[in-house]
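Notes to accompany the following structure.
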Amino acid sequence: MKEKEEILQAIRRKYPQLSEPRLQEEIAEHGKLLHFNAGDTLMDFGSYIRMVPMIIEGSIKVSREDEDGNELFLYYLNAGDTCSMSFSCCMMNKKSDIRTVAEDDTTLIGIPIQYVDEWMSRFKSWQQFVMQSYDLRMRELVQTIDEIAFKRMDERLMNYLEKKSEAAQSKVINSTHQQIAFDLNASREAVSRLLKQMEKEGSVQLGRNKITLLD
DNA sequence: ACATTAAGTGATT
DNA sequence: AATCACTTAATGT
């Protein structure tokens with residue numbers, strides 16, 4: 001089958017840690033290759049998760065929403081990442097607390113939850129993989145949290161831009177000040193002013209709908 | 001040329 | 001740092 005071959009190749013390329021041949025086969029066997037276009041919502045608040053995604057290409061924006069409907073950007077998932085949130089959600093069969101939207105055109109392997117659990121006990125490298133992504137995401141989250149709590153907006157902005165650029169694999173970010181403000185839960189004016197300042201300092205170059213990271 | 005949307009600015013709280 | 005009230009600039013029709 002073509003899809004199986006594709007998955008097998010993708011696993012070997014992007015997830016070399018999962019080295020056990022039997023595991024690779026099973027992933028190819030039970031995983032579904034899914035494609036999303038930029039802007040597609042993969043998962044919204046309140047929806048049940050039936051699959052754990054393993055990103056092959058593209059990137060996904062993960063965000064949270066508060067009671068008043070303000071959105072807050074949490075982190076990006078890039079190729080080689082999984083959604084740690086989905087592990088716990090799946091296992092507990094809970095509703096999603098987060099929203100995930102494809103940032104670029106994205107392809108991923110969807111693993112049905114039953115196997116995620118089963119493989120944990122059967123494959124060492126899978127278990128390690130799950131634990132590792134938990135650890136990684138935890139660190140990132142903690143970092144994001146104390147950014148919000150302790151750091152000033154300009155640092156948050158810079159960080160956001162760097163991550164976004166990393167996710168897009170480009171120094172050029174196509175985004176309006178409004179959208180950025182929305183992600184950071186700030187006002188558009190604040191973002192505009194900070195960007196202006198950063199431009200004066202020479203760290204970015206601004207254009208309409210476009211920000212270029214210079215450093 | 002005109003309308004629309006993005007970005008910049010100063011004042012106010 | 002948020003909000004308001006504009007202004008200015010870029011783009012689409």
Side-chain angles (χ1 to χ4, degrees), chain A residues 34-47 53 55-79 81 83-85 89 95-108 135-215:
Chain A
L34 302 170
H35 185 84
F36 296 92
N37 296 318
D40 285 355
T41 300
L42 319 201
M43 221 176 273
D44 213 332
F45 310 104
S47 60
I55 288 100
I56 301 297
E57 224 169 280
S59 66
I60 290 173
K61 188 169 91 178
V62 179
S63 50
R64 182 99 174 80
E65 195 170 82
D66 72 7
E67 314 85 43
D68 316 315
N70 290 116
E71 201 170 303
L72 180 64
F73 158 80
L74 291 181
Y75 51 77
Y76 285 109
L77 294 174
N78 295 318
D81 291 337
C83 178
S84 315
M85 265 330 249
C89 281
K95 287 178 184 174
S96 167
D97 295 324
I98 54 173
R99 167 186 291 160
T100 53
V101 178
E103 179 84 358
D104 303 317
D105 290 358
T106 299
T107 70
L108 55 82
D135 183 54
L136 209 81
R137 207 52 62 193
M138 270 303 179
R139 287 168 197 279
E140 264 210 29
L141 265 187
V142 168
Q143 200 204 322
T144 306
I145 287 169
D146 64 42
E147 249 175 49
I148 294 167
F150 306 121
K151 290 193 182 167
R152 289 165 303 141
M153 260 305 293
D154 55 346
E155 283 180 79
R156 286 180 63 200
L157 218 200
M158 200 54 213
N159 219 291
Y160 171 87
L161 292 176
E162 276 163 7
K163 285 191 178 156
K164 189 145 180 142
S165 140
E166 194 186 318
Q169 314 241 298
S170 157
K171 287 276 175 195
V172 182
I173 293 157
N174 280 77
S175 185
T176 66
H177 298 183
Q178 185 63 243
Q179 289 171 311
I180 295 168
F182 199 59
D183 280 347
L184 295 176
N185 223 343
S187 66
R188 193 216 93 230
E189 292 93 323
V191 171
S192 288
R193 283 173 175 135
L194 287 171
L195 282 171
K196 248 290 117 108
Q197 207 186 312
M198 287 162 70
E199 190 181 38
K200 271 190 207 132
E201 289 163 4
S203 44
V204 295
Q205 198 185 63
L206 302 178
R208 191 186 169 87
N209 262 315
K210 190 175 108 176
I211 298 160
T212 310
L213 257 49
L214 299 175
D215 188 21

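Labels below follow one simple rule: chain letters A, B, ... track the order of the sequence lines, proteins then strands, and each chain is numbered from 1.
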Inset, instruction - Rounded off to whole Å, could you give me the CD-to-C1' distance for the Gln178(A) and dA7(B) pair? - result: 11 Å
Legend entry - Electrostatic pair Glu140(A)-Arg137(A), nearest N-O below 4.0 angstrom: yes
Legend entry - Interatomic distance where CD belongs to Gln197(A) and C1' belongs to dG8(B) [whole Å]: 14 Å
Inset, instruction - Please tell me which of Met153(A) and Arg188(A) maps to the more 5' nucleotide of DNA chain C, matching each residue to the nucleotide holding its nearest heavy atom. - result: Met153(A)
Inset, instruction - Measure from the side-chain N and O atoms of Thr106(A) to the backbone N and O of Phe36(A), and report whether any donor-acceptor pair falls under 3.5 Å. - result: no
Legend entry - Nearest to side-chain heavy atoms of His177(A), which nucleotide of dA2(C), dG8(B), dG10(B): dG8(B)
Legend entry - Rounded distance in Å - CZ (Arg152(A)) to C1' (dA2(C)): 18 Å
Legend entry - Main-chain N/O of Asn37(A) paired to Asp105(A) side chain as donor or acceptor, under 3.5 Å: no
Inset, instruction - Apply the salt bridge (Lys or Arg N to Asp or Glu O under 4.0 Å) test between Lys61(A) and each candidate in Asp183(A), Asp104(A), Asp40(A); give the one that qualifies. - result: Asp183(A)
Legend entry - Check: Arg208(A) side chain, dT11(C) base, donor-acceptor under 3.5 Å: no
Legend entry - Between dT13(B) (P) and Glu189(A) (CD): distance, integer Å: 16 Å
Legend entry - Arg193(A) or Gly207(A), whichever maps to the more 5' nucleotide of DNA chain B: Gly207(A)
Inset, instruction - Check every strand shown and say whether Ser187(A) touches a base, only sugar-phosphate, or nothing at a heavy-atom separation below 4.0 Å. - result: base
Inset, instruction - Rounded to the nearest angstrom, tell me the gap between atom NZ in Lys210(A) and atom P in dA7(B). - result: 13 Å
